[in-house]
Every structure is written in structure tokens, then in C-alpha cells.
There are 2 protein chains.
Amino acid sequence: MQEVQEKVFPDEQGLRARKRQETHARIQAEGLRLFIEKGFDGATLDEVAAAAGVSRRTLLNYFGSKEEIVFSLKAQIPEMIAQAVAARPCDEPLLDMVEGGLADVAARFQTPDMLDLTRLIHQTPALQAGDHAKYEGVERLLAQTLAERKGLAPDDVACRVAAAIGVSIMKLAGEAWLAHPDEGPERFGREAFAVLRRMAGQRPPP
Amino acid sequence: MQEVQEKVFPDEQGLRARKRQETHARIQAEGLRLFIEKGFDGATLDEVAAAAGVSRRTLLNYFGSKEEIVFSLKAQIPEMIAQAVAARPCDEPLLDMVEGGLADVAARFQTPDMLDLTRLIHQTPALQAGDHAKYEGVERLLAQTLAERKGLAPDDVACRVAAAIGVSIMKLAGEAWLAHPDEGPERFGREAFAVLRRMAGQRPPP
DNA sequence: ACTTTTTCTTGCACTTCTTGCATATTTGCA
DNA sequence: TGCAAATATGCAAGAAGTGCAAGAAAAAGT
């Protein structure tokens with residue numbers, strides 16, 4: 001019954017979980033490396049699996065599809081956006097909540113790795129499609145978060161429009177980042193929101 | 001050298017072209033029918049090809065991919081939008097140009113077939129991804145058209161933002177159409193634009 | 001009318017992604 | 001240690017997509 005020194009590393013909740021995380025990370029890293037090196041279509045799953053030291057079957061066990069290896073690197077974004085928006089004062093106008101929340105998150109994602117990833121996605125049609133699909137999930141979650149924060153119905157039109165606009169500008173900012181990697185997406189995003197307010201503010205002539 | 005009565009149907013520019021159009025249309029029709037009946041993933045290319053009376057190889061010769069069979073039914077939309085926007089008075093505010101142009105096009109697409117197609121796409125993850133990707137093409141073309149109409153630079157921020165907003169609202173309107181097939185997407189689109197103006201008009205408190 | 005040339009169709013082989021299933025192998029726990 | 005659960009792997013099969021070359025059909029030239 002010697003329970004002493006059962007775990008040398010107290011934060012790891014078991015060898016199994018740790019190995020799983022390591023394998024996951026190894027597939028991600030090797031996958032991204034090979035995709036950038038040889039193109040997403042140029043690198044096969046067998047190559048990635050071999051580089052990660054697992055069988056192809058196991059790789060697909062971890063990721064479900066080739067695309068998922070790429071998108072898993074962005075998997076945290078939706079939740080981060082939701083949190084950033086939820087942290088805003090609830091008396092703030094909808095559009096400001098969105099602008100502020102997205103700017104917070106964008107600032108945290110200006111890493112070289114993320115730039116590489118963004119480049120890869122924009123170079124690959126198949127990944128672009130998947131990327132846009134993921135953004136729709138973001139939009140949905142964002143709209144819902146806004147509605148909760150404001151105490152409105154989950155399908156409130158204003159919240160959905162605000163979320164849609166936020167995501168649209170986020171996409172544009174991503175493209176702008178690729179064009180000007182030294183600036184980061186934030187500046188463009190701010191400008192886009194400013195332009196939007198100016199544009200929508202002016203009423204059409206009667 | 002009797003060239004008399006060479007062609008009974010003068011408007012057909014050759015048997016080859018006509019057959020091509022017929023085959024194209026037959027694959028579209030049978031494809032859509034089978035996809036709706038058995039699901040996009042439930043129907044194989046072999047089945048569609050057989051139903052259309054061609055080989056699988058020929059089908060892929062016409063369409064390039066399974067998805068293209070579906071999206072070819074929406075292929076005219078980008079051009080229609082560009083035309084509708086280009087037909088607007090050029091002194092109109094950007095947002096009004098977009099709203100008006102999109103409403104024109106939307107009105108022309110409220111057919112039962114298009115509703116079926118929209119349903120199919122929204123039921124199928126793979127098609128949703130492709131759909132969003134196509135919308136990006138629309139957005140790009142729309143932004144460019146706006147810039148030309150206004151005599152601005154092709155990458156003008158205001159035009160890009162206006163285009164992005166228009167496409168976002170178009171997507172939302174499509175979803176609203178699925179939820180309320182009796183109304184059509186127009187009403188929701190109008191409301192969304194109104195909400196947007198109201199939202200963006202109110203300046204944040206200093 | 002006949003031949004030539006061009007275009008289209010088809011079959012075949014091949015690669016790759018993806019899934020299902022059965023079978024080891026490893027890890028956690030009593 | 002020994003049993004149960006989770007994990008890894010191999011194998012088989014299905015389906016999408018691509019390249020190639022032979023065959024069929026239409027158009028053009030003579």
C-alpha cells in the first residue's frame with residue numbers, strides 16, 4: 001500500500017493522457033511542416049504519419065481528416081472570441097462589443113506560426129473552403145454570445161448581423177495581414193469598422 | 001453542290017454543341033435529383049453517371065468534381081449580381097447600391113428548385129464549405145464592381161467592406177428563407193440592412 | 001462522297017482519402 | 001500480478017479524382 005511518490009510530475013494526470021497529447025502535437029507539427037514544405041496536396045497522409053511516428057490509421061484516429069490537422073491549430077479561436085466578447089461591459093453598443101472582442105483576440109494571434117498557417121490556407125482551395133465553413137461556426141457562436149450578453153433572443157437579428165459583420169471584417173483583416181505581414185490584422189480591422197460606421201451612418205437621400 | 005435545306009433548325013450552331021448542352025443539363029438534373037433523394041454522400045458518381053447515360057469519366061470531364069454538379073446551378077449568380085449593381089445610379093450610397101442590387105437578384109431566385117438546392121447545401125457539410133468558398137468569389141467580384149462604378153481603387157476599403165456586408169446578409173437571408181420558405185429571402189435582407197444602419201449609426205458614448 | 005482532322009467519349013490503371021472491423025499492444029487499476 | 005479498458009495497427013473495401021491512350025462521332029476539307 002505504498003502510495004508514496006506515485007507521481008513524479010503531479011500535473012500530468014497519467015501516462016496515457018500525456019502520450020496522447022504528445023502524439024497529437026507531433027502530428028500537428030509534422031503535418032504543418034510538411035504541408036508548408038510540399039503543399040497541402042503535395043504531402044500525403046502516409047508521409048505525415050511516418051514523420052510523426054504513427055500509422056496512417058492512427059493518425060486518422062486522432063484527426064478524422066487531413067484538413068483537421070490544419071484546422072486544429074485554430075480550434076481555440078471560437079472559444080476565445082466568445083470569452084473576449086463576454087468580458088465586455090454589457091451596456092456597450094453591439095458593434096463596439098464585436099470590434100473590441102475581435103481586436104483582443106486578433107492581437108493574441110499575431111505569431112509567425114499563425115501567419116504561416118494563414119498563408120497555407122489561402123494557398124490551398126480545399127483549405128479555404130473549410131476555413132470559411134469554420135468561420136460560420138464562429139459567427140454562430142458570436143451571435144449567441146452577444147444575445148446572451150444583451151439578454152436578447154438567441155436568434156435576434158441585430159446580434160446575427162453584428163456577428164456576421166464582425167466575422168466578415170475578421171476575414172478581410174486576415175487577407176490584409178497576408179499582404180502586409182509587418183502590420184498585423186488589427187489596424188485594418190479598426191479601419192474597416194470605422195469605414196463601416198461612416199458608411200452606414202449616412203442616411204440615403206430622400 | 002446542293003446547299004439547300006442544309007439546316008432545318010437554323011438557331012442550333014451544330015449538333016456537337018447541342019449534344020454537349022443536353023448532356024450537361026442531364027447530368028445536372030439527374031445529379032440534383034439523386035442528391036436530394038439519397039443525400040449528397042449517399043449517391044455515388046457512378047449512379048449519377050448511369051442515370052445521365054454517360055460514363056463516370058465523361059461526367060468528371062463535364063464537371064471536374066462532384067461538388068461542381070451542385071454549384072453549377074448557382075454559377076450565374078455572381079455575374080447577375082455584378083450586373084444588377086452596375087445598373088444602379090452611381091451617385092447612390094455604397095450600401096444602397098449593394099442592398100438594391102442584391103434584392104434584385106434575390107427576387108429572381110425564389111424558385112422551388114433553388115429552395116431545394118439551398119436545402120441540400122445546408123444539409124451537407126462538404127457542400128456548405130464549398131458554398132462559402134463560392135461566396136468569397138461573389139464578394140470579390142462585388143467589391144470590384146462597386147469600385148469601378150464609383151471610380152475608386154480596386155482594393156478600396158469601403159467597397160470591400162460594403163461587399164462583405166452584402167454577402168454576409170445574403171447568407172443570413174438564405175438561412176432565413178429555409179426557416180420560412182413562404183416569405184422569401186428579401187424581407188429578411190431588408191430588415192437586416194435596416195438593423196445595420198441603425199446599429200452603425202449610433203456612435204459609441206465618449 | 002470520301003478522307004482527314006478535330007473533338008468527344010470511354011475504359012483502364014493508379015493514387016489518395018476515408019471508414020469499418022478484427023486483432024494486437026499498452027496502460028490503468030484492484 | 002492479472003484483469004479490464006483504452007489505444008494502436010493492419011487489412012480490406014469504397015469512393016473521388018487524374019492521366020493516358022484507344023475508339024467513336026462530328027466537322028471540315030477536297
Side-chain angles (χ1 to χ4, degrees), chain A residues 1-10 12-27 30-31 34-35 38-72 124-127 129-130, chain B residues 1-4 6-10 12-27 31 34-35 38-72 124-127 129-130:
Chain A
M1 228 204 244
Q2 61 279 41
E3 293 177 355
V4 186
Q5 212 183 14
E6 217 176 8
K7 301 185 176 183
V8 185
F9 305 112
E12 295 162 5
Q13 65 281 65
L15 197 153
R16 183 163 271 163
R18 185 186 35 165
K19 271 188 130 179
R20 221 184 145 67
Q21 285 180 330
E22 284 174 358
T23 304
H24 193 273
R26 207 162 354 112
I27 296 174
E30 294 298 301
L34 285 169
F35 293 155
K38 316 177 63 172
F40 182 73
D41 298 312
T44 70
L45 285 185
D46 286 293
E47 292 177 282
V48 178
V54 295
S55 71
R56 183 163 50 111
R57 195 61 189 82
T58 298
L59 185 151
L60 285 166
N61 197 332
Y62 273 82
F63 283 95
S65 79
K66 196 179 180 184
E67 290 190 358
E68 276 308 304
I69 301 174
V70 174
F71 294 131
S72 66
T124 314
L127 292 179
Chain B
M1 228 203 242
Q2 60 279 41
E3 292 177 354
V4 186
E6 218 174 7
K7 299 185 177 185
V8 186
F9 306 112
E12 296 162 3
Q13 68 279 61
L15 198 155
R16 183 161 272 162
R18 187 186 35 167
K19 271 188 134 179
R20 221 182 145 68
Q21 286 181 329
E22 284 175 358
T23 304
H24 192 273
R26 206 159 359 110
I27 296 174
L34 284 170
F35 292 154
K38 316 177 65 171
F40 182 72
D41 298 311
T44 69
L45 285 185
D46 287 289
E47 291 177 284
V48 177
V54 294
S55 70
R56 182 163 60 106
R57 195 63 188 80
T58 297
L59 185 152
L60 285 166
N61 198 333
Y62 273 81
F63 283 95
S65 81
K66 198 179 180 185
E67 291 190 357
E68 275 308 304
I69 301 173
V70 174
F71 293 132
S72 66
T124 314
L127 291 179

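Throughout, a chain's letter reflects where its sequence line sits, starting with A, and its residues are numbered from 1.
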Of the options [options], whose atoms approach the side-chain atoms of [X] most closely?
X: B:R16; options: D:dA26, C:dC17, C:dT10; result: D:dA26
X: A:K19; options: C:dT9, C:dT26, D:dG19; result: C:dT26
X: A:K66; options: C:dC17, D:dT9, D:dA8; result: C:dC17

Q.
Once hydrogens and angles are ignored, does a donor-acceptor distance under 3.5 Å link the base of D:dG17 to the side chain of B:R56?
A.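 Side chain to base: pair present.
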Rounded to the nearest angstrom, tell me the gap between atom [atom1] in [X] and atom [atom2] in [N].
X: B:L59; N: D:dT18; atom1: CG; atom2: P; answer: 13 Å
X: A:E67; N: C:dT18; atom1: CD; atom2: C1'; answer: 13 Å
X: B:R18; N: C:dT7; atom1: CZ; atom2: C1'; answer: 17 Å
X: B:F63; N: D:dT18; atom1: CZ; atom2: P; answer: 15 Å
X: A:E68; N: C:dC17; atom1: CD; atom2: C1'; answer: 14 Å
X: B:L127; N: D:dA16; atom1: CG; atom2: C1'; answer: 14 Å
X: B:N61; N: D:dA21; atom1: CG; atom2: C1'; answer: 14 Å
X: B:R57; N: D:dA24; atom1: CZ; atom2: C1'; answer: 17 Å

(Q) Measuring from atom CD1 of B:I69 to atom CG of B:L59, what distance do you get when rounded to the nearest 0.5 angstrom? (A)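 Between atom CD1 of B:I69 and atom CG of B:L59 there are 4.5 Å.
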Kindly say whether [Y] contributes a backbone atom to a donor-acceptor pair with the side chain of [X] at under 3.5 angstrom?
X: B:R26; Y: B:A52; answer: yes
X: A:T44; Y: A:E47; answer: yes
X: B:Q21; Y: B:R18; answer: no

Name the nucleic acid region contacted by [X], choosing base, sugar-phosphate or nothing; use a 4.0 angstrom heavy-atom cut-off, strictly under.
X: B:T58; result: base
X: B:L45; result: sugar-phosphate
X: A:R20; result: sugar-phosphate

Q) Starting at the 5' end of DNA chain D and moving along, which residue's nearest nucleotide shows up first, B:L60 or B:A17? A)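 It is B:L60, whose closest nucleotide lies nearer the 5' terminus.
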(Q) If you assign each of A:Y62 and B:S65 to its closest nucleotide in DNA chain D, which residue comes earlier from the 5' end? (A)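 Whichever sits nearer the 5' end wins; that is A:Y62.
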Q. What's the shortest heavy-atom distance between A:F35 and A:K66, and which atoms?
A.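 Taking A:F35 first and A:K66 second, the nearest heavy atoms are CE2-CE, 3.8 Å.
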